[in-house]
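Below, chain A is the first sequence line, B the second, and so on; all start at residue 1. Heavy atoms only: backbone and side chains are in, while hydrogens, waters and symmetry mates are out.
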Amino acid sequence: MLSQQVKVENLLESASKKVAPRSSDLYRVGPQFSQTNHHQQIYCHSTGMDVLPSLHARIDRGFEVGDEGTWIGYKRNYFTLVASFSLDGFEFQRFLQNRFYTYEKSKTSGEHKVDISYFAIRLVAKCSDDEVNISLVQHTPKRDKGPQFPPPIYPAVPGDLPDHGTVKVSSNKRNTTKLDNLNKIFYFDRGEYYRNTNLVKDDSILKSYPSDMVPRVARFERIQFTSSIRMRTTSANNRFFTLHVELLGIVEDEDSHIQPILLSSIESPPLVIRGRSPSNYHKDKTSGYRAMDDISSQHLQQMGPP
DNA sequence: TGCGACACATATCG
DNA sequence: ACGATATGTGTCGC
């Protein structure tokens with residue numbers, strides 16, 4: 001209708017203007033991640049068969065595609081990423097009834113068999129030149145008024161990635177009814193599971209997870225590259241960064257210290273991070289970096305019935 | 001030149 | 001409907 005038409009036109013106009021800080025338009029699907037790379041094999045405890053994991057991740061905020069198909073983020077702005085994993089042939093119930101092990105590279109001799117206490121998902125960034133790790137930081141909703149953390153490592157059970165719209169509506173919710181519903185999507189409640197199944201003795205991997213609310217999906221929100229990253233090698237040459245999502249097996253070493261083992265990973269294509277230089281702002285970004293049909297479909301979805 | 005701190009503005013949440 | 005909140009970005013000053 002008319003109001004729709006007006007909104008679409010406003011959006012098109014805004015493509016070359018400042019972006020409002022709470023605009024839901026800031027939620028955009030980012031670049032696709034690679035296929036899963038495998039670093040250490042996983043074995044099923046009961047059968048001894050090896051198990052193939054798959055990682056899934058999506059960027060939901062903070063990156064836009066530039067003129068040459070390069071993906072661009074802003075150093076000063078947040079990005080959001082969700083990640084989950086699955087084990088090939090292990091639907092959820094079967095996963096819950098098993099334990100898994102892998103092999104740890106020992107300092108002295110060869111490899112050592114180790115039990116996986118639980119799986120976990122980690123987000124790391126690298127500079128694509130060298131393989132040097134670049135630190136990421138996470139803010140609370142209070143931003144400057146609150147503390148900064150490294151992004152958490154999420155203990156996780158297998159799960160499906162929620163779609164983009166779900167991640168978008170999940171942001172900044174405090175309403176308990178809404179939170180309860182979102183928690184059902186993002187977490188598995190071990191306590192509830194034990195109550196419902198009347199389980200007394202549990203020899204599965206589930207028992208060794210560190211808490212009752214176990215993420216099905218690792219949700220990284222309010223993430224930024226550390227303020228000290230250098231984004232250019234020379235004044236003309238951008239550096240590229242990549243985001244990596246890692247599946248970890250958390251094991252206990254000889255001294256029963258907890259230790260992560262990298263099992264598999266996926267990575268983003270090269271990303272350009274624009275810094276604070278004024279040349280990166282006020283720019284006329286009209287060269288079609290927003291697809292027209294994308295805009296209209298998003299708004300039809302968002303506005304709903306009269 | 002780039003960074004920490006603070007400021008302003010504005011859509012969303014409850 | 002309206003106050004509080006979250007967050008892109010403008011700016012000052014080192």
Side-chain angles (χ1 to χ4, degrees), chain A residues 3-4 6-30 59-66 71-82 125 127 134-151 162 164-183 185-186 219-239 241 271-286 289-290 295 298-306:
Chain A
S3 67
Q4 258 179 35
V6 169
K7 288 207 175 186
V8 169
E9 279 165 10
N10 284 345
L11 240 184
L12 282 175
E13 194 185 345
S14 76
S16 57
K17 293 212 174 119
K18 259 202 297 207
V19 185
R22 297 294 297 274
S23 169
S24 70
D25 191 48
L26 288 161
Y27 282 86
R28 293 291 187 123
V29 174
I59 293 173
D60 283 308
R61 179 194 181 106
F63 285 88
E64 54 190 34
V65 60
W71 287 90
I72 298 164
Y74 287 79
K75 187 179 179 180
R76 298 189 76 187
N77 298 354
Y78 293 156
F79 69 88
T80 298
L81 183 152
V82 290
C127 182
I134 299 295
S135 44
L136 296 169
V137 297
Q138 177 167 32
H139 280 93
T140 70
K142 299 302 180 196
R143 196 167 60 178
D144 296 14
K145 311 278 188 279
Q148 270 186 33
F149 301 103
H164 175 66
T166 303
V167 175
K168 181 171 167 176
V169 304
S170 76
S171 74
N172 294 319
K173 292 299 184 292
R174 309 163 83 130
N175 177 290
T176 53
T177 309
K178 289 181 178 176
L179 276 181
D180 285 349
N181 287 325
L182 289 166
N183 283 342
I185 297 172
F186 288 94
R219 181 171 37 160
F220 300 94
E221 288 190 282
R222 304 186 190 87
I223 307 297
Q224 292 179 273
F225 286 81
T226 186
S227 63
S228 61
I229 58 162
R230 284 153 56 105
M231 291 138 306
R232 292 168 177 279
T233 49
T234 73
S235 61
N237 289 2
N238 281 329
R239 283 171 107 180
F241 298 90
L271 308 167
V272 171
I273 307 301
R274 288 190 171 158
R276 295 175 60 180
S277 161
S279 65
N280 288 325
Y281 287 90
H282 301 301
K283 269 231 251 306
D284 191 349
K285 301 186 240 173
T286 48
Y289 80 104
R290 285 177 190 188
I295 291 168
Q298 269 189 21
H299 271 260
L300 288 172
Q301 209 175 22
Q302 204 175 303
M303 292 191 295

TODO: Answer yes or no: does a side-chain N or O of A:Ser227 lie under 4.0 Å from OP1 or OP2 of B:dG4?
DONE: yes

Open item on the list: Between A:Arg276 and A:Arg76 (side chain of the first, backbone of the second, donor and acceptor by atom type, cut-off under 3.5 Å), is there such a pair?
Closed with: no

Open item on the list: Less than 4.0 angstrom between a side-chain N/O of A:Lys178 and OP1 or OP2 of B:dG14, yes or no?
Closed with: yes

TODO: Between A:Arg174 and A:Ala20, name the one whose nearest nucleotide on DNA chain B is closer to the 5' end.
DONE: A:Ala20

Open item on the list: Nearest 0.5 Å, please: how far is CD1 in A:Ile59 from CG in A:Leu271?
Closed with: 6.0 Å

Open item on the list: With a cut-off of less than 4.0 Å, is there a side-chain N or O of A:Lys18 near OP1 or OP2 of B:dA9?
Closed with: no

- [ ] Go through B:dG14, C:dA6, B:dG4 for me and flag the one nearest to the A:Arg276 side chain.
- [x] B:dG4

Task: Rounded distance in Å - CZ (A:Arg143) to P (C:dG10) - done: 13 Å

TODO: Nearest whole angstrom, please: distance from the C1' of B:dC6 to the NE2 of A:His139.
DONE: 14 Å

Open item on the list: Quick check: do A:Arg222 and A:Phe149 have side-chain heavy atoms less than 4.5 Å from each other?
Closed with: no

- [ ] Could you check how far CZ of A:Arg274 sits from P of B:dT1, rounded to whole Å?
- [x] 18 Å

Open item on the list: On the nucleotide B:dC3, are OP1 or OP2 found under 4.0 Å from the side-chain N or O atoms that A:Lys75 carries?
Closed with: yes

Task: Shortest non-hydrogen contact between A:Gly275 and A:Tyr281, atoms and distance - done: O-CE1, 3.8 Å

TODO: Considering just the side-chain nitrogens and oxygens of A:Ser24, establish if one lies under 4.0 Å of OP1 or OP2 belonging to B:dT12.
DONE: yes

- [ ] Send over the distance from A:Gln224 CD to C:dT9 P, rounded to a whole Å.
- [x] 12 Å

Task: Euclidean distance, atom CG of residue A:Leu26 to atom P of B:dC13 [Å, nearest integer] - done: 12 Å

Open item on the list: Would you say A:Arg222 places a side-chain N or O within less than 4.0 Å of OP1 or OP2 belonging to C:dT7?
Closed with: yes

TODO: State, yes or no, whether a side-chain contact exists between A:Phe79 and A:Phe220 at a heavy-atom distance under 4.5 Å.
DONE: no

Task: Donor/acceptor link under 3.5 angstrom from A:Arg76 side chain onto base of C:dG10 - done: yes

TODO: Measure the distance from CG on A:Asn280 to P on C:dG8 and round it to the nearest whole Å.
DONE: 15 Å

Open item on the list: Please find the pair of heavy atoms, one from A:Gln224 and one from A:Lys75, that lie closest to each other, and give the distance.
Closed with: NE2-O, 3.1 Å

Open item on the list: Without decimals, in angstroms, what is the distance between A:Asp25 CG and B:dT10 C1'?
Closed with: 14 Å

Task: Contact under 4.0 Å: A:Arg61 side-chain N or O vs C:dG8 OP1/OP2 - done: yes

- [ ] Map A:Asn77 and A:Lys142 onto DNA chain C by nearest heavy atom, then report which one ends up closer to the 5' terminus.
- [x] A:Lys142

Open item on the list: Below the 4.0 Å mark, does C:dT7 have OP1 or OP2 next to a side-chain nitrogen or oxygen of A:Asn172?
Closed with: yes

Task: Whole-Å distance separating the CG atom of A:Leu179 from the P atom of B:dG14 - done: 8 Å

Task: Residue closer to the 5' end of DNA chain B, A:Lys145 versus A:Ser23 (nearest nucleotide) - done: A:Lys145

